[in-house]
Amino acid sequence: MDQGSIARILKQVSGGEDEIQQLQKALLDYLDENTETDGSLVFSRKFYIAQWFRDTTMETEKAIKSQKDEDSSEGTHHAKDVETTGQIMHRAESRKKFLRSIIKTAPSQFSTLKMNSDTVDYEDSCLIVRYLASMRPFAQSFDIYLTQ
């Protein structure tokens with residue numbers, strides 16, 4: 001991954017959200033502004049929103065399950081685990097809130113909310129997709145699957 005380009009994109013996309021959310025917004029902006037030239041981008045945009053919402057829900061469920069499993073097995077590290085679970089839950093809720101706001105925004109209104117139409121080009125959007133895909137659980141554990 002080209003971390004320099006990712007950092008450049010993050011600087012161009014201003015916002016108080018976490019870096020994943022900033023990259024998601026940049027990609028959605030790119031897809032939205034190019035839907036007139038390629039109709040399949042409408043489907044891609046909806047697919048990404050749905051997939052990211054699902055991933056956030058799964059992450060929350062895993063955090064709750066791991067907390068329950070650890071509560072039943074050990075009580076010594078409970079305070080530390082609750083803190084990290086709380087942080088995961090807070091981050092998940094902020095991501096869900098962001099995705100809901102994107103879903104509720106009509107495409108015609110979304111174009112007025114764009115920060116800068118020159119922020120992301122085709123190559124940057126491909127890089128963002130690869131970067132976000134590398135953050136998914138399957139991509140992170142691909143070596144394990146490959147060895148097995």
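For the atom pair Asp32 CG and Lys25 NZ, the distance stands at 9.0 Å (nearest 0.5 Å). Between Ile6 atom CD1 and Gln22 atom CD the span is 11.0 Å, to the nearest 0.5 Å. To the nearest 0.5 angstrom, Leu28 atom CG is 9.5 Å from Ile128 atom CD1. Atom CH2 of residue Trp52 and atom CD of residue Glu59 lie 14.5 Å apart, to the nearest 0.5 angstrom. Between the CD atom in Gln51 and the OG1 atom in Thr56 there is a gap of 10.0 Å [rounded to 0.5 Å]. Remark: Ile88 CD1 to Lys62 NZ distance equals 10.5 Å, nearest 0.5 Å.
With Arg91 as the partner, the side chain to side chain contact (heavy atoms under 4.5 Å, CB included) test is satisfied by one option alone out of Thr60, Ile20, Asp18: Asp18.
Side chain of Asn34 to backbone of Tyr30: a donor-acceptor contact under 3.5 angstrom is found.
In this structure the side chain of Tyr131 reaches within 4.5 angstrom of the side chain of Gln3, judged on heavy atoms. Contact check for Lys96 versus Arg100: side-chain heavy atoms found under the 4.5 Å cut-off. Annotation: side chain of Tyr48 is in contact with side chain of Val129 (closest heavy-atom distance under 4.5 Å). At least one side-chain heavy atom of Arg45 sits less than 4.5 Å from a side-chain heavy atom of Ile102. Considering only heavy atoms from C-beta on, Leu10 comes within 4.5 Å of Leu23 through its side chain. Asp55 places none of its side-chain heavy atoms less than 4.5 Å from the side chain of Arg95.
By the criterion of side-chain heavy atoms lying less than 4.5 angstrom apart, applied directly or through intervening Ile, Leu, Val, Met, Phe, Trp or Tyr residues, Phe98 is grouped together with Met135 in one hydrophobic cluster. Ile103 is connected to Leu31 through a chain of hydrophobic side-chain contacts under 4.5 Å among Ile, Leu, Val, Met, Phe, Trp and Tyr, so both are in one cluster.
Between Leu127 and Ser5, the shortest heavy-atom contact is CD2-CB, 3.2 Å. Contact detail for Ser66 and Ala63: the closest heavy-atom pair is OG-O, 3.0 Å. Counting all heavy atoms, side chain and backbone alike, Ile9 lies closest to Ala26 at CG2-CB, 4.4 Å. Between Val120 and Ser125, the shortest heavy-atom contact is CG1-N, 3.6 Å.
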